Amino acid sequence: MASQTHGCNLRALLVEDIKVNCMILLAMLRKFHVETTVVHNGKEAVELFLEGETFDIVLSDNLMPMITGPEAISKIRAMGVTDVMIVGVSVDSNSMEAFMAAGADMCLPKPMTIEILENLLQEIMSKKTRSSFTA
């Protein structure tokens with residue numbers, strides 16, 4: 001598979017409390033050389049944004065301890081963070097509405113395929129490239 005995302009200098013935040021799911025998504029992100037920060041609940045994700053961390057994409061699980069994915073997304077968007085793609089990822093198809101209402105850009109089912117992730121990363125790279133030409 002030829003990829004335009006290798007060496008892409010993207011930063012991702014992976015918000016996932018289940019270790020095996022985390023390991024799978026992390027391996028997929030590493031395949032595309034994405035610098036990835038991992039946290040295990042929504043509270044930790046919100047804290048990173050409060051500390052000024054920036055990311056190109058956030059992949060968030062739904063049901064987690066302390067703060068759920070949609071709750072974290074709502075808090076992050078309330079901070080005025082609009083320049084990051086936030087993707088809700090869940091096995092529960094009913095969670096799509098909660099993610100979208102919270103401010104997610106999209107919601108994808110688990111398990112996420114490498115092809116879907118590659119398309120997301122290419123979309124983000126295209127936006128970054130366009131914005132760097134207009135800056």
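Only a predicted model underlies this, so the values are computations on that prediction, with no experimental measurement involved. In this chain, numbering begins with 1 at the start of the sequence shown.
- Thr36 places a side-chain N or O within 3.5 Å of a backbone atom of Val34 that can act as its donor or acceptor partner.
- Residue Ala72 comes nearest to Ile67 through the heavy atom pair N-CG2, 3.5 Å, listed as atom of the first residue, atom of the second, then distance.
- Here the CG atom belonging to Leu25 is positioned 11.0 Å from the CD1 atom belonging to Ile18, to the nearest 0.5 angstrom.
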message = Determine whether Asp61 and Asp17 satisfy the following criterion, side-chain contact (heavy atoms from CB on, under 4.5 Å), listing intermediate values before the conclusion.
response = CA-CA 8 Å; Asp61 185 26; Asp17 63 322; 2.9 Å; yes
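- Going from atom CG of Asn41 over to atom CG of Leu63 covers 13.0 Å, rounded to the nearest 0.5 Å.
- Linking Ile, Leu, Val, Met, Phe, Trp and Tyr residues whenever their side-chain heavy atoms come within less than 4.5 Å places Ile57 and Leu26 in a single cluster.
- Of all the heavy atoms in Phe99 and Ser90, the pair that sits closest is CE1-CB, 4.1 Å.
- Summarising the local packing, NZ of Lys110 is surrounded by more than 12 heavy atoms from other residues, nucleotides or ligands at distances under 6.0 Å.
- Each of Met100 and Met85 belongs to its own hydrophobic cluster when Ile, Leu, Val, Met, Phe, Trp and Tyr are linked at side-chain heavy-atom distances under 4.5 angstrom.
- In terms of the ring-ring contact (aromatic ring centres under 6.0 Å, His included) criterion, residue partners of Phe55 (sequence neighbours excluded) are, by chain and number, Phe49.
- Using modelled atom types, one finds no donor on one side chain facing an acceptor on the other under 3.5 Å when comparing Ser126 with Glu123.
- You'll find the side chain of Ile116 stays beyond 4.5 Å of the side chain of Ile114, heavy atoms only.
- Side-chain contact between Cys22 and Val38 is present, with heavy atoms from C-beta onward closer than 4.5 Å.
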key: Full working for side-chain contact (heavy atoms from CB on, under 4.5 Å) between Asp56 and Lys128   = CA-CA 9 Å; Asp56 299 298; Lys128 276 185 83 163; 3.5 Å; yes
task = Start with the C-alpha distance between Val58 and Val87, add both sets of side-chain angles, then the distance that settles side-chain contact (heavy atoms from CB on, under 4.5 Å), and finish with yes or no.
result = CA-CA 6 Å; Val58 175; Val87 181; over 6 Å; no
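- Linking ILVMFWY residues whenever their side-chain heavy atoms come closer than 4.5 Å, directly or via other members, leaves Val84 and Leu14 in distinct clusters.
- Here CG of Asn119 is found 8.0 Å from CD of Glu115. Values are rounded to the nearest 0.5 Å.
- For the atom pair CG (Leu121) and CG (Leu117), the distance works out to 4.5 Å, reported to the nearest 0.5 Å.
- A donor-acceptor contact shorter than 3.5 Å links the side chain of Arg11 to the backbone of Thr54.
- With values rounded to the nearest 0.5 angstrom, Leu59 atom CG is found 8.5 Å from Leu13 atom CG.
- Arg30 contributes atom CZ, which lies 11.5 Å from atom CD of Glu35 (distance to the nearest 0.5 angstrom).
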inquiry  = If you apply the rule salt bridge (charged side-chain N to carboxylate O under 4.0 Å, His left out), what do you find for Glu71 with Lys43, and how did you get there?
reply    = CA-CA 9 Å; Glu71 290 170 330; Lys43 182 178 184 287; over 6 Å; no
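- In terms of heavy atoms, Val15 sits closest to Ala45 at CG2-CB, 3.8 Å.
- Taking both residues in full, the closest heavy atoms of Ala104 and Gly88 are given as CB-N, 4.4 Å, listed atom of the first, atom of the second, then distance.
- Note on residues 76-85: pairs passing side chain to side chain donor-acceptor pair (under 3.5 Å), not counting sequence neighbours, are Arg77-Asp105.
- Within the 3.5 Å criterion, the main-chain N or O of Met64 finds no donor-acceptor partner in the side chain of Thr68.
- Val39 and Ile73 fall within the same hydrophobic cluster, where Ile, Leu, Val, Met, Phe, Trp and Tyr residues are linked whenever their side-chain heavy atoms come under 4.5 Å apart, directly or through other members.
- Among all heavy-atom pairs drawn from Ser60 and Gly69, the shortest one is OG-CA, 3.4 Å.
- By the neighbour-count criterion of 12 heavy atoms within 6.0 Å, atom CD of Glu97 is sparsely surrounded, having that number or fewer from other residues, nucleotides or ligands.
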ask   = What do the steps show when you test Val46 against Met79 for side-chain contact (heavy atoms from CB on, under 4.5 Å), and what is the final call?
value = CA-CA 10 Å; Val46 170; Met79 290 179 219; 3.5 Å; yes
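- With hydrophobic clusters built from ILVMFWY side chains whose heavy atoms lie under 4.5 angstrom apart, Leu10 shares a cluster with Leu120.
- Between His40 and Glu44, the shortest heavy-atom distance links the atoms N-OE1, 2.7 Å.
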